[in-house]
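Heads up: the structure comes next, in structure tokens.
Note that ligands are numbered from 1 as they come in the structure, with each ligand's atoms numbered from 1 the same way. No hydrogens, no waters, no symmetry mates; every other heavy atom, side chains included, goes into these values.
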Amino acid sequence: MSFDRVWLDANLATMIPRAGGATMPRGDDPLGIIEDGAIASKDGRIAWVGRRADLPSSAASVTRCDGAWILPGLIDCHTHLVFAGDRAREFEMRLEGASYEEIAKAGGGILSTVRATRAATEQALIDSALPRLDELLAQGVTTVEIKSGYGLDLETEARMLRAARALGRRRDVAVTTTLLAAHAVPPEYQGHRADFARHVADAILPAIAAEGIADAVDAFTDSAIGFTPAETEAVFLAARALGLPVKLHADQLRDDAGAGLAARFGALSADHIEYASATGIEAMARAGTVGVLLPGAYYFIRETHLPDIAAMRAAGLRMALATDCNPGSCPSPNLLLMLNLGCTLFRLTVAEALAGVTTHAAAALGLPDRGALAPGLRCDLSLFAINRPAELCYWLGRNPCIGRIVVGQ
Ligand code: NIG
Ligand code: FE
């Protein structure tokens, strides 16, 4: 067969674990490494992966990679990339002693971004998000999830999702969109939280589904500043009726049994989960719900309660890592930094962290066609000038990405 493109002189981290490999300590090879490897593409898919010496045929276009490392295109599976304004003033207030929760309760926090986002045009939302998106792309990101959640009314939620979709047309990147209308209680529903959850379920969700601008539905379950499990269920039932998969901001600030709720609904992922109980974690693993860890938010709001990584490992939970890029709890479009924070703060291994931005991130988005280097998958690649994959987790805020291929281009 003839290939469209071939990449040579590269080391590959296929992200398909192999037992008994020779390249890693303890004899296993969780990254599925192929040294002196080659990858070939055909019609935007990976057509062949292996050792260069075994490459069966050549291609019209051959790229020599000078010993660079190729990984699957990185996936940021949890972002709030689209928003207006910033919350630097709130950051100052926190430095003067206020807590994230106190600021939220005083009408700041998420609601201050809601005011700014409601006042912004779709074009303004696109323009302010583009530089953030470009930072992610420069690091080798080829798929990014973008949530709404700063509109809290149909008009603005829809505008945010349209802006997110437009970003995917403005740049070479796959964008998936998630409706997060149940993110906070908007001013016009203050004191009527359950009514707003119903409004999300009965009015906002069906309208967004009819327009076809959301790939999934998310909610913020938190008994103090988000929604109760019962209110969240109303939203999830509506999503299920419309055939939309669900995700959940769960157990970020306290254990509200969010992990178990996400599992019961077969959620694609439950995210944050610092306070998730071992029982909740086990339920997630059984349901196939991915645990998305957000160490940047943990760091930025100076959380001290660590997610129970030992319980996650024991349960065999698939763990993903994402930026959570948002103006309040993690103003950072830097996925490579999250690799370092995941390892440093949560003590993830290099293999766990890298799976978190590739295979497991793909699972968190319900996208089995990407996240690894294997024939048949989308040819999304990220190239790095590094000597070993651990460098991707080791550098603190340095970007060794030298190339990015999306659908073979
Ligand atoms: O993922 N937890 C809720 N939502 C966001 C923060 C949003 C904000 O503060 O603007 C999060 O951390
Ligand atoms: Fe978030």
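Ligand 1 places these atoms under 4.0 Å from at least one heavy atom of F220: 2 (N), 3 (C). Residue R87 approaches ligand 1 through these ligand atoms, each under 4.0 Å from one of its heavy atoms: 8 (C), 9 (O), 10 (O). The contact set between ligand 1 and Y150, taken as ligand atoms under 4.0 Å from a residue heavy atom, comprises 7 (C), 8 (C), 10 (O). Residue H272 has at least one heavy-atom neighbour below 4.0 Å for each of these atoms of ligand 1: 1 (O), 11 (C), 12 (O). Near I110, with a cut-off below 4.0 Å to any heavy atom, the atoms of ligand 1 are 7 (C), 8 (C), 9 (O), 10 (O).
Nearest to atom 12 (O) of ligand 1 among the protein's heavy atoms is S329 OG, 2.5 Å. Among protein heavy atoms, the minimum distance from atom 9 (O) of ligand 1 is reached at Y100 OH, 2.6 Å. Scanning the protein for heavy atoms near atom 2 (N) of ligand 1, the closest one is Q252 OE1, 2.6 Å. Protein heavy atom at the shortest distance from atom 5 (C) of ligand 1 is H183 NE2, 3.7 Å.
Geometrically, R132 engages F83 in a cation-pi contact defined by less than 6.0 Å to the ring centre and at most 45° from the axis.
Screening T232, I273, L180, V292 against H249 for a side-chain contact (heavy atoms from CB on, under 4.5 Å) leaves a single residue, L180. For the side-chain hydrogen bond (donor to acceptor under 3.5 Å, both in side chains) with D218, the qualifying choice from K147, K247, H80 is K147, the only one to do so.
None of the N, O or S atoms belonging to C330 lies under 2.8 Å away from the Fe ion (ligand 2). With a cut-off of 2.8 Å, the Fe ion (ligand 2) has no N, O or S atom of D218 in range. Coordination check, H272 versus the Fe ion (ligand 2): failed, since every N/O/S atom of the residue sits at 2.8 Å or beyond.
Checking only distances, T113 never comes within under 3.5 Å of ligand 1, N or O to N or O.
A donor-acceptor contact shorter than 3.5 Å is absent between the side chain of W69 and the backbone of L12.
Side-chain atoms of F384 and I402, non-hydrogen and from C-beta on, never get closer than 4.5 Å to each other. With contacts defined as side-chain heavy-atom distances shorter than 4.5 Å, the pair R18/I34 qualifies. Side-chain contact between S41 and F3 is absent, with no heavy-atom pair separated by less than 4.5 Å. Residues L261 and D256 have side chains not in contact (no heavy-atom distance under 4.5 Å, counting atoms from C-beta outward).
Shortest distance from the Fe ion (ligand 2) to D324 is reached at OD1 (N/O/S atoms only). Distances from the Fe ion (ligand 2) to the N/O/S atoms of H249 are shortest for NE2.
Seen from the Fe ion (ligand 2), atom NE2 of H78 and atom NE2 of H80 lie 100° apart in angle, a value rounded to 10°.
Ligand 1 is approached by D324 to a heavy-atom distance shorter than 4.0 Å.
Counting only N and O atoms by type, the side chains of N334 and Q139 include a donor and acceptor under 3.5 Å apart.
Ring orientation note: the planes of Y298 and F346 are nearly perpendicular, at an angle over 60° on the 30°/60° scale.
To the nearest 0.5 Å, atoms OG (S269) and CE (M319) are separated by 14.5 Å.
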